[in-house]
Amino acid sequence: MMRITTYDEKYRPQFHFSPAAHWLNDPNGMVYYEGEYHLFYQHHPNGTTWGPMHWGHAVSRDLVHWEHLPIALAPDHNGFIFSGSAVVDWNDTSGFFSGGSGLVAVFTHTDTYPGTERSRQRQSLAYSLDKGRTWNMYEGNPVLAEEHIDDFRDPKVFWDERINRWVMVLAAGDRVRFYSSPDLKEWTFSSEFGAEDGSHDGVWECPDLFELPIDGDEGNKKWVLIVSIGDNPGTPEGSRTQYFVGEFDGMAFRNGNRSDTVLWLDYGRDNYAGVTWSDVSAEDGRRLLIGWMNNWKYANSTASGVWRGAMTLPRVLSLRSGPDGIRLVQIPVKELQRLRLWSDRWDGLRIEPGQNPLQGLRGNQLEIEADFEIGDAGQFGFKLRKSEREQTVVGYDVRSSTLFIDRTKSGTADFHHEFACRHGAPLPPENGRIKLHIFVDWSSVEVFANGGKVVMTDQIFPEPASTGLELYAAEGAVKLVSMKVHTLKSIYSSRDPAAVAR
Ligand code: FRU
């Protein structure tokens, strides 16, 4: 790839995936095969705004360091390449692999109905005989079309051994549809879900469906259906992702909660279109998700450089039962710990208003693990990426039991009037404690609270010199049971983190 970046542009993420250049949106086709995690993504290779969609491509052996590869899928006579998934066809059900195995991508081809302006979205296949390095379009494309449905896209496919068939879930207007197939080529409609369930604030997109044990008990599992919902200019949240927990029998999904229950994957503004990796090995066993760290509300105009767009950190998903029912929990993948460069530790500190134990510490590539015992403080938390003019607050409001991010003064925000905002998530203390696990990069902050029960992912665009760090308490004192602050290495070369003073 032509070197048009030095990976040190003003807002370039230093440990999140971003394209070398040009536009990125949804993660696509994530699959693990022969030691490599593949990450494809919606890509416009000739601009830094959304445009004719291709699949960009990168691979990683550790989910942290990525090697950019050439564009995998480019538009052809069937149209542009929208989102979709990839699977390993282990038993050559498709017949593409002469009895061996290989990768098959299942994605949406989009064009217009001949002689009209009406958009047409159909599902297609491409396959690779060389571990994803080159791709062949299937000559029988498209493999699935429904003329009466306009928004009909983002197929996610997996093998369901109970029915001995591939299952496809895809978005259809403001609901999802399920199909099944013996060979990835012939698809039969099974059922539809969601017309009356969950949030319908926007068009449904990028579904995913998988089974997870509850509280780690392999004998007690539930199915999780993830659905992203598009921007609705009438909501401050913009595009965001909901999920359902229930049963799936190979043909139909049954919601285990009341139909008006809405569960959010992430309470931040910038985690969209996230789906999970296929074919992670059984001995690994993790359900790994990555999302697009952006929001359709302002995605085309964020402060950026030769590229625009990045992914969230990869996360491990699991199900936990609690007082409100069964909920999805997310934690960052453990591989990220390899980026830790220096670590400092504090134990048993009482933080009074006006004190800042982090004074003197600076950083823009940080990981913070903090365990608080709520004392009599009204509010406590961290001010990150701080300077005289800028700060991003990750705080906890005790009276309302709300975790919040305040990015009103986080830096450049003039590209959209709703970007500079404070938003929150309900977070009850557990045994009087609040645990925060925070990642700070050059243009983002991610918070995993109380073991990942609540997650907030937000973009921020601070000046590079805004590297101050503050731990604060207001309206009373808070007890810091323990805290670790890690300075993180960049995933690019051996460059040291910028602006770190110790
Ligand atoms: C979600 C989405 C998908 C679509 C793709 C187009 O962000 O709108 O539904 O396939 O982006 O780039």
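Whatever order the structure lists them in is the order used to number ligands and atoms, beginning at 1.
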Under 4.0 Å from a heavy atom of [X]: which atoms of ligand 1 are those, numbered in the order shown and with their elements?
X    : result
D154 : 3 (C), 4 (C), 9 (O), 10 (O)
S83  : 5 (C), 10 (O)
M53  : 12 (O)
Y272 : 1 (C), 7 (O)

Legend entry - Given F158, Y33, W166, W159, the one that forms side chain to side chain contact (heavy atoms under 4.5 Å, CB included) with V87: W166
Inset, instruction - Please determine if W50 has a nitrogen or oxygen closer than 3.5 Å to a nitrogen or oxygen of ligand 1. - result: yes
Legend entry - Whether T108 lies under 4.0 Å from ligand 1, heavy atom: no
Inset, instruction - Check whether NZ of the Lys or CZ of the Arg K156 lies under 6.0 Å from the centre of the six-membered ring of F210 and within 45 degrees of that ring's axis. - result: no
What I want to find out is whether [X] reaches [Y] closely enough, with some N-O distance under 4.0 Å, to be called a salt bridge.
X    : Y    : answer
D197 : R175 : no
R153 : E205 : yes
D111 : R120 : yes
R315 : E446 : yes

Legend entry - Between H38 and H57: side-chain donor-acceptor atoms closer than 3.5 Å: yes
Measure the distance from [atom] to every protein heavy atom, then report the residue, atom name and distance (to 0.1 Å) of the closest one.
atom                    : value
atom 8 (O) of ligand 1  : E205 OE2, 2.8 Å
atom 1 (C) of ligand 1  : D26 OD2, 2.9 Å
atom 12 (O) of ligand 1 : Q42 OE1, 2.6 Å

